[in-house]
Peer 1: 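My structure is below; once you've seen it, I'll send some questions.
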Amino acid sequence: MKNLFALLYKNHLFLLFLLLEITALFFAIQHNAFQRSSFINSSHAIAGSTFETVDNFSGYLDLREKNALLADSLAKIKSQTLSALRLLDTNFAKINDTLYKQQYIYVSARVIHLTTHKPNNFLTIDKGSNDGIKENMAVVGVNGIVGIVNGVTPDYASVMSILHSKTELSCKLKSTRNVGFLRWNNLNYNYRTALLKDVPLTAKVVKGDTVVTTEYSNSFPGGIPVGKVLMARLADEGQSQDVTIELFLDFNILDHVFVVRDLMKEQKDSLQTKFQND
Amino acid sequence: MIEKLPRYVLIFVLLMVAQVLVFNHVYVSGFLNAYPYVLFLLILPSDTNRALLLLVAFVGGITVDIFSDSGGVHAAACVPLAYMRHFMLSTTTSLESKNDSFEPNLYYFDFRRYLTYAGVLIFVHHSIVCFMEVFEFSHIFSTLLKIVGSTIFTLTFVVLIQYIFFKKKEK
């Protein structure tokens, strides 16, 4: 026993080193492997409020561009509201609209921290579970998609950006409706481009065509514009083609985002876990 | 040692603030990142308790991790750096100084020896950070390029910071 203690004491530095290193590796691997926030991330209270303070100052620097973007999207939405439409048939009075039912609610949030140049990028936003944000909700910007919520605290949420090597999202070409998987080609760390993979050879890819989200995703509403086609090339030994697209959203001037709450998500999820589980 | 504590706490805080608010947003040629915060481990006195050094490294690494969403990558890189520091110090400094306490800064060494001391430690740190960030061995060439580039970048900042902010001690 005495010898054991002596041995332990003799090697206490190495043992301490091993202990700390294994703890750190455990944090890192957990963070990486499960693709969800471990407790070390910037939605943490201290980091969150620090970034918020800094962002309060630096947010003024490109206010002009951000306002222009917001005004654009507001104009687009205004033109779709009822007041912009003219009633053609005066014989009917609208009592209750049973044709449409609200499925998505958009919650606006501010980005208080984001990265764009790492192999795996995340954002922190200033809304959390107190505002009804939950994990796996989609996050969109005024002109494109941003990512998926991967962790929440009461006041902040962490978002896994689409600029992440593990991101996989089904998208389609708007004109031909061919579906592919959106992945970020992180080899050159370019935050303006992404790849649409597994597009069938029969699909006619036109440069400049818009790529939009599909209805198959469990988080994103369908038809949200993602980017435009830059070029296509053969992949998988000629079995399919990879389409390089330019993302509409410029992450570097991203400030306001919208978290999408799907009111029918529970129905979809319960169906899938109940009947499609094998 | 104890009367010098405020000095090192100040260095630690300032370097962390600089790393999180400035250097995390500086990219050379798009993807090279500098991590000059490792200076806080390089500069602690030579007779610092080695167990304490390991703990400080772990805490410092976790601090950077919290602010840059990297899980435990920086902690996992700082701890080996702290563990290796003793061996690097004993190989780069002269024999008679082994028992005294000195602050291993730029002015203590001659310049080439300092580059060896800091360069090797920074290289080890950056290798771990870059490989764990990518988390796979398939992009090995671009990762190696990133390690070497970032090491040079960090080393430049580590030397510059000391030239600008540290006074030469008169003997």
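Labels below follow one simple rule: chain letters A, B, ... track the order of the sequence lines, proteins then strands, and each chain is numbered from 1.
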Peer 1: Crowded around Phe123(B) CZ? As in, over 12 foreign heavy atoms under 6.0 Å?
Peer 2: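 At most 12 heavy atoms, drawn from other residues, nucleotides or ligands, come within 6.0 Å of this atom.
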Peer 1: If you measure from NE2 on His25(B) to NE2 on His113(A), what distance do you get to the nearest 0.5 Å?
Peer 2: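 Spacing of NE2 (His25(B)) from NE2 (His113(A)) equals 5.0 Å.
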Peer 1: How many angstroms lie between atom OG1 of Thr115(A) and atom CG of Asn24(B), to the nearest 0.5 angstrom?
Peer 2: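 Here the rounded value is 9.0 Å.
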Peer 1: Measure Phe14(A) against the heavy atoms of chain B and call it side chain, backbone, both or neither at under 4.5 Å.
Peer 2: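 For Phe14(A), backbone and side chain are both near chain B.
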Peer 1: Does CZ in Phe26(A) sit with more than 12 non-hydrogen atoms of other residues, nucleotides or ligands closer than 6.0 Å?
Peer 2: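 Open: at most 12 neighbouring heavy atoms sit under 6.0 Å from CZ of Phe26(A).
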Peer 1: How long is the gap from NE2 on His74(B) to CZ on Phe27(A), to the nearest 0.5 Å?
Peer 2: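 That separation rounds to 15.0 Å.
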Peer 1: Pick whichever of Ala75(B), Ala76(B), Cys78(B) has the most heavy-atom pairs under 4.5 Å with chain A.
Peer 2: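 Max contact count across the listed options: Ala76(B).
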Peer 1: Of the backbone (N, CA, C, O) and the side chain (C-beta and beyond), which part of Leu21(B) lies under 4.5 Å from a heavy atom of chain A, both, or neither?
Peer 2: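 Only the side chain of Leu21(B) comes within 4.5 Å of chain A.
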Peer 1: How long is the gap from CG on Leu18(A) to OH on Tyr83(B), to the nearest 0.5 Å?
Peer 2: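 Those atoms lie 8.0 Å apart.
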Peer 1: Go through the steps for Met132(B) and Leu25(A) under the test side-chain contact (heavy atoms from CB on, under 4.5 Å), then give the verdict.
Peer 2: CA-CA 9 Å; Met132(B) 288 188 63; Leu25(A) 285 177; 3.6 Å; yes
Peer 1: Taking all atoms of both residues into account, what is the closest heavy-atom pair of Phe17(A) and Leu54(B), and its distance?
Peer 2: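 Answer, listing the atom of Phe17(A) first, then Leu54(B): N-CD1, 3.8 Å.
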Peer 1: List the atom of Lys118(A), the atom of Ser68(B), and the distance in Å for their closest heavy-atom pair.
Peer 2: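 The answer is NZ-O, 3.1 Å.
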